[in-house]
Protein chains: 2
Amino acid sequence: MGISERKEREKQEMRDLILNAATAMFIEEGYDKTSIRKIADKIEYSPATIYLYFKDKDEIFHAIHDKGFDKFFALMETTRSIENPFDRLIRLSDLYIDFAYENPEYYDLMFIMMAPIEALTHNNEDWTCGFQAYNFLKALIKECMDEGLMKEMDVEVAALSIWSFKHGMTSLAIRNRFKMYSEAEVKKLMKESCDMMLDLFRKK
Amino acid sequence: MGISERKEREKQEMRDLILNAATAMFIEEGYDKTSIRKIADKIEYSPATIYLYFKDKDEIFHAIHDKGFDKFFALMETTRSIENPFDRLIRLSDLYIDFAYENPEYYDLMFIMMAPIEALTHNNEDWTCGFQAYNFLKALIKECMDEGLMKEMDVEVAALSIWSFKHGMTSLAIRNRFKMYSEAEVKKLMKESCDMMLDLFRKK
DNA sequence: AAATATACTGAACAGTGTTTAGTAAAGTCA
DNA sequence: TGACTTTACTAAACACTGTTCAGTATATTT
């Protein structure tokens, strides 16, 4: 009979309803200002109902965290059209910062905040999203080395270094730690820094 | 008369009492778990009293943020004994990570969290602590270049790049984003990555 | 039609940062 | 010394927060 299937569908619809409301509020207002009560208000259900579909607030935000990675993966895929792997690496690296600037709240959830990552630490889950993006980077780095475009070194070390650099610059900017520079200076310096840094990895 | 002086002294003592209690709790439990009410409980005063000495929670944590920088400055000074500027840069860079690992809560306040930096954004204050540490780094980089130990480049760009790299690695580690590696692997890769990265800046 | 299962909620628990009105002690001045 | 003022402090409240649980109304099954 189709009743249980409809019920399953309705359950999923309700989850989506909650998640969409939560996502919209989160992107607008951030994590702290998106309360369970406000989400419940928005979808016109009681706060208790939300707990029938999500274990706790962290689980909701882990789901949003995943949506952020989906957005990021879609952006990453657009680099595939670039022939030269090193140019592709440069483009990917630029995209990373663009993504963070355009989706600061997502970036927060994905790479800075503890909340969503603790949801899976508790559940003994892997950080699949992160692994996927990281493997994309590693494969690209390997390709660069194989084609003799990049200095030979341990791929893990190179990936860790480049990601660290990119994340550091991004998160310092997002979290307002470049107060020693004006907004225009920051923009200019970040671009120059990225160009210089990746050039250090180029085989000459 | 000395009454107003005693009053001033007592006021400062009370501020210190609050700050010391807050700092101890913060280092033990972190920002979120250190509530105004718990601080008040610890020092055996009412929560409202704390608001006679600090504008809000952010102001307390900005004061702790400053204490963190004092700790960091003291550590930075220990590098002065190293003759070779580039070796000094390497040591400073290692110290940065050591500090973050040994004082993760302080590091949080200093370089990741919004709370303390927003306290001064609202008061139109400079981020003096940050400027000071950054100038130390820039002066050191300039010295390295002047002595022909480091590749010639814009000092601002070099400083921004090195700090970004260091902060990125540190904060990804602290915020549990290196789940693709075991603890031992992370330690090893971070060391290798730091060595490799700074070596890229070395003039050969 | 009766019994069971599902979906949902009101109200409460235990906490948060912050404000305000009121009190008791300390200091000032005639 | 007594009256007035300032200072230091607090109880209680406001407006929130995440989360739980007993109870209810509806839907499904027997």
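So you know, we letter chains A, B, ... as the sequences are listed, proteins then strands, and number each from 1.
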Roughly how many Å is it from [atom1] in [X] to [atom2] in [N], rounded to a whole number?
X	N	atom1	atom2	result
B:I36	C:dT19	CD1	C1'	13 Å
A:I60	D:dT17	CD1	P	13 Å
B:E59	C:dT18	CD	C1'	14 Å
B:D32	D:dT17	CG	P	15 Å
B:I39	C:dT16	CD1	P	10 Å
A:D56	D:dG18	CG	P	11 Å
A:K33	C:dG17	NZ	P	17 Å
A:E8	C:dT6	CD	C1'	13 Å

Within the 4.0 Å limit for protein heavy atoms, which parts of nucleotides 8-16 of chain D are touched? Write it as a string from 5' to 3', B for base, S for sugar-phosphate only, - for none.
SBBB-B---
Going by the side-chain contact (heavy atoms from CB on, under 4.5 Å) test, name the single residue among B:I64, B:D32, B:L19, B:I60 that passes it with B:F26.
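Filter result, single survivor: B:I64.
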Can you sort out the partners of A:Y106 under ring pair (Phe, Tyr, Trp, His ring centres under 6.0 Å), two or more places apart, ordered by chain and number?
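With neighbours one apart ignored, the set is empty.
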Geometric cation-pi criterion, A:K57 with A:Y51: 6.0 Å, 45°:
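Verdict for A:Y51: no cation-pi partner in A:K57.
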Contact list for residues 110-138 of chain A, test salt bridge (charged side-chain N to carboxylate O under 4.0 Å, His left out), sequence neighbours left out:
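Listed once each, the pairs are A:K138-A:E156.
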State plainly whether the residues A:E192 and A:K188 are in salt-bridge range, i.e. N to O under 4.0 Å.
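Result for this pair is yes, salt bridge flagged.
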Regarding A:Y96 and A:Y101, is there a side-chain donor-to-acceptor distance under 3.5 Å anywhere?
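No - no donor-acceptor pair under 3.5 Å links their side chains.
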